[in-house]
S.K.: 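Here's a structure for you.
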There are 2 protein chains.
Amino acid sequence: MVTATGGTRGPAHLVLTAAVARRYYLDGRSKVEIAEEFSLSRFKVARLLDDARASGMVRIEIGHPGTIDVELSSQLMATLGLTHCVVTDTQEDEPASLREHLGAAAAELLSEVVTPDDVLGLSWARSVSAMATALRSLATVPVVQLTGALARPGVDDSSIELVREVARVSGGPAYFFYAPMAVPDAATARALRRQPEVAQAFSRIGSVTIALAGVGAWAPEQSTLYDATSETERAALAERGVCAEISGVLVDAAGEPVRSALTDRMIGITAAQMCAVREVIAIVYGLAKVDAVLAAVRGGMVNSLVTHSTLATALIEAAGRKAAP
Amino acid sequence: MVTATGGTRGPAHLVLTAAVARRYYLDGRSKVEIAEEFSLSRFKVARLLDDARASGMVRIEIGHPGTIDVELSSQLMATLGLTHCVVTDTQEDEPASLREHLGAAAAELLSEVVTPDDVLGLSWARSVSAMATALRSLATVPVVQLTGALARPGVDDSSIELVREVARVSGGPAYFFYAPMAVPDAATARALRRQPEVAQAFSRIGSVTIALAGVGAWAPEQSTLYDATSETERAALAERGVCAEISGVLVDAAGEPVRSALTDRMIGITAAQMCAVREVIAIVYGLAKVDAVLAAVRGGMVNSLVTHSTLATALIEAAGRKAAP
DNA sequence: CGAACGAGCGCTCAAATGAGCACAGGGGGG
DNA sequence: CCCCCCTGTGCTCATTTGAGCGCTCGTTCG
């Protein structure tokens with residue numbers, strides 16, 4: 001039975017309730033103390049407090065002390081079943097600035113979650129590079145390059161140094177190599193993989209416990225790999241249902257890896273290896289990547305996210321629609 | 001490990017804290033449940049919640065559902081040690097409108113706190129009249145007129161009917177009389193007091209348990225009695241420290257009654273009788289009355305207040321300054 | 001290099017709290 | 001007119017929670 005008038009039980013009752021609520025919630029007194037102070041039974045106090053909360057007189061909010069939207073973060077974490085999740089509060093639309101913010105957030109997250117027992121894997125992505133730039137401290141761990149680089153003409157991110165830079169901050173050994181992410185044919189790829197540096201890095205992939213990656217959508221400007229692929233191949237892959245690209249690994253909307261000729265021409269971590277990594281943290285931005293992120297998470301390729309509030313909201317909404325259509 | 005900024009313990013910790021806080025404060029889960037859900041010890045959960053509150057991440061506010069500022073009300077109640085207190089949220093400066101609002105609030109308060117065992121006393125004041133106008137329901141109690149009326153020329157509040165009107169709503173007997181609040185000399189006063197109606201009402205004053213009154217400051221336009229007094233007498237009384245007037249009773253800044261020739265010329269409740277009333281509810285408005293209200297409360301003449309937020313704030317501040325100068 | 005220190009963690013025990021129950025009083029319907 | 005339901009109240013007992021303790025581990029200073 002709900003009182004229709006919303007609890008208008010007289011002003012004195014209202015004021016008493018407020019006083020009790022103040023003592024309890026703001027001054028931290030126990031209900032017994034309050035009961036004694038106001039000459040009430042503790043049950044009465046408890047009921048007063050229940051009323052106060054039910055009538056909306058006591059409002060409790062979870063705030064954000066910094067640039068992180070903690071509410072959205074935990075919601076998204078719960079919705080997608082993530083291990084970690086950081087949602088920044090910036091509603092910036094400019095990609096560069098967004099990337100910088102997310103990079104900083106990811107750097108903080110990494111500083112926090114990486115322990116000396118971990119092995120860190122880094123995929124090649126501008127957002128990961130931004131993370132490296134912002135990284136200030138890191139436990140001493142081996143740092144392993146997971147993919148070849150895919151430098152785009154005219155863009156110098158100096159990100160070939162990515163792994164070395166992070167390893168320098170960490171103080172641990174760096175396993176890196178100079179090779180492209182994709183090569184023209186499978187034979188070249190096989191040859192490259194036999195290169196000592198490449199082979200050495202690859203041999204460490206199995207022991208990686210935490211990896212950082214970007215997530216690309218299979219569309220123009222939404223994936224460096226897409227942009228570097230021939231038009232015929234793009235179309236063919238799209239037809240096979242490719243939805244997302246994570247660290248060179250292509251998956252469909254359900255998150256299942258899509259094998260293709262391109263797979264054999266890649267220099268980098270495989271789908272199976274990526275799934276085996278305990279925690280893959282993806283830095284993602286841009287509303288175009290909603291489906292790609294969902295696919296990556298569903299497929300178990302990604303279990304942690306660093307993103308911005310707009311995308312986070314869209315993700316929660318999309319996941320909700322999927323769950324209960 | 002250098003944590004430069006206090007409390008910044010990493011975004012993952014922040015998000016976890018937020019998630020725990022949400023479950024606890026918003027979803028009402030027990031700490032044990034939360035501990036199981038997040039695979040933590042219940043102590044860890046408790047510490048997380050302590051952190052969340054200490055760092056200001058959890059904000060708890062006491063809101064006001066209506067026109068009553070419950071926070072201010074209870075603060076004022078605590079500060080002055082009042083029995084009841086109602087502070088309306090109106091910041092109206094127009095006296096008539098203010099009086100109307102306060103009258104309505106007082107009427108609600110009266111409906112709530114008056115029980116069939118009470119005896120209600122009414123003093124003559126425009127604010128009490130406003131209360132009567134707004135009064136809709138009241139337990140069946142005797143209603144006693146406490147003072148003569150002091151009708152000002154040109155102002156018709158039809159408030160001679162005050163006591164009868166309230167008694168009609170209540171359904172109880174009315175003890176009223178037609179006499180002025182002050183007469184030219186003590187002999188006339190004595191004669192008037194012997195009038196049957198007056199004597200009958202006066203004989204009931206001792207049994208009054210709840211009284212309503214206004215509070216006047218001893219200054220022009222701040223007390224009907226002041227305005228009706230000769231200039232010589234005004235000055236003499238001011239010199240004797242008169243600070244406030246409650247229902248015809250004059251008190252100094254400390255709340256002590258000030259006896260004078262005027263006292264003998266008054267038709268109404270005495271200081272001692274007023275102190276004996278269990279609860280005297282004063283309806284007050286206007287910042288000029290800060291000191292008067294403090295005096296009335298200190299002297300024990302008034303133990304409940306109905307007022308507006310501006311005056312309430314000023315009262316709290318003034319009381320605070322007095323307490324710790 | 002070792003010891004002192006402080007932070008973080010989980011335990012114990014007592015106090016605080018919640019859920020359900022029994023009882024009293026009051027108002028409306030039979 | 002009486003009875004029943006409904007609300008408000010305080011009780012008992014099981015669960016939850018808080019305060020203080022000792023432990024361990026990492027850090028820092030001698």
Side-chain angles (χ1 to χ4, degrees), chain A residues 1-10 12-14 16-17 20-55 58 60 111-118 136-141 170-172, chain B residues 1-10 12-14 16-17 20-55 58 60 111-118 136-141 170-172:
Chain A
M1 184 71 70
V2 182
T3 43
T5 51
T8 300
R9 223 181 303 248
H13 186 267
L14 226 54
L16 175 64
T17 307
V20 167
R22 161 172 264 283
R23 274 268 182 257
Y24 187 76
Y25 285 110
L26 301 182
D27 301 345
R29 298 279 172 202
S30 95
K31 298 184 185 182
V32 177
E33 285 177 301
I34 297 169
E36 285 166 3
E37 181 179 345
F38 290 86
S39 301
L40 302 167
S41 76
R42 67 183 186 86
F43 307 98
K44 177 84 178 169
V45 172
R47 280 171 184 131
L48 245 38
L49 288 169
D50 286 347
D51 284 357
R53 289 193 66 169
S55 70
V58 173
I60 303 183
S111 307
E112 185 183 6
V113 301
V114 169
T115 72
D117 296 332
D118 282 313
R136 296 187 186 188
S137 78
L138 193 66
T140 303
V141 292
S170 156
Chain B
M1 186 74 68
V2 181
T3 41
T5 47
T8 301
R9 220 181 307 245
H13 186 266
L14 226 55
L16 176 63
T17 306
V20 167
R22 162 172 264 284
R23 276 264 182 260
Y24 186 76
Y25 285 110
L26 301 182
D27 301 345
R29 299 279 173 202
S30 97
K31 298 186 185 182
V32 177
E33 285 178 303
I34 298 169
E36 284 165 4
E37 179 179 345
F38 290 89
S39 301
L40 301 169
S41 77
R42 69 180 186 85
F43 307 98
K44 176 82 178 171
V45 172
R47 282 171 183 132
L48 245 39
L49 288 169
D50 286 346
D51 285 357
R53 290 194 66 169
S55 70
V58 173
I60 304 184
S111 306
E112 186 183 5
V113 302
V114 169
T115 71
D117 296 332
D118 283 313
R136 297 188 185 188
S137 75
L138 192 65
T140 303
V141 291
S170 157

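Note on naming: letters A, B, ... go to the chains in the order of the sequence lines (proteins, then strands), and numbering restarts at 1 for each one.
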S.K.: Among residues at least two apart in sequence or on other chains, which ones pass side chain to side chain contact (heavy atoms under 4.5 Å, CB included) with A12(B)?
M.R.: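 Once residues adjacent in sequence are excluded, the partners of A12(B) under the side chain to side chain contact (heavy atoms under 4.5 Å, CB included) criterion are H84(A), L109(A), E112(A), V113(A).
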S.K.: Under 4.5 Å between any side-chain heavy atoms of I34(B) and L48(B), yes or no?
M.R.: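 No, their side chains stay 4.5 Å or more apart.
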S.K.: What is the separation between atom NE2 on H13(A) and atom P on dT7(D), rounded to the nearest whole Å?
M.R.: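 The distance from NE2 of H13(A) to P of dT7(D) comes to 14 Å, rounded to the nearest Å.
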S.K.: Please identify each residue that fulfils side chain to side chain contact (heavy atoms under 4.5 Å, CB included) with R136(A), with sequence neighbours left out.
M.R.: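 Side chain to side chain contact (heavy atoms under 4.5 Å, CB included) check on R136(A) returns nothing, list empty.
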S.K.: To the closest 0.5 Å, what do you measure between CZ (R53(B)) and CD1 (I60(A))?
M.R.: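 So the gap between those two atoms works out to 8.0 Å.
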S.K.: Just the atom pairs and distances: protein N or O near nucleotides 23-27 of chain C's N or O, under 3.5 Å.
M.R.:
none

S.K.: In whole Å, what is the span from the CG atom of L49(A) to the P atom of dA19(C)?
M.R.: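 Going from CG in L49(A) over to P in dA19(C) covers 13 Å.
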S.K.: Could you tell me which residues satisfy side chain to side chain contact (heavy atoms under 4.5 Å, CB included) with D27(B), sequence neighbours excluded, listed by chain and number?
M.R.: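 R22(B), R23(B), R29(B).
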S.K.: How does protein contact run along nucleotides 12-22 of chain D, one letter per nucleotide 5' to 3', with B for base contact, S for sugar-phosphate only, - for none, heavy atoms under 4.0 Å?
M.R.: BB---BBB---
S.K.: Please state how far atom CD in E36(A) lies from atom C1' in dA16(C), giving the value in whole angstrom units.
M.R.: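 From E36(A) CD to dA16(C) C1': 12 Å.
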S.K.: Using the side-chain hydrogen bond (donor to acceptor under 3.5 Å, both in side chains) criterion, which residues pair with E33(B)? Sequence neighbours excluded.
M.R.: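 So E33(B) forms no side-chain hydrogen bond (donor to acceptor under 3.5 Å, both in side chains) with any residue.
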S.K.: Measure CG/L40(B) against P/dG8(C) and give the value in whole Å, please.
M.R.: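 Rounding to the nearest Å, CG of L40(B) and P of dG8(C) are 15 Å apart.
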S.K.: Does T115(B) have any side-chain hydrogen bond (donor to acceptor under 3.5 Å, both in side chains) partners at least two apart in sequence or in another chain, and if so, which?
M.R.: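 Expected list: D118(B).
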S.K.: Residues in side chain to side chain contact (heavy atoms under 4.5 Å, CB included) with F43(B), at least two apart?
M.R.: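 S41(B), R47(B).
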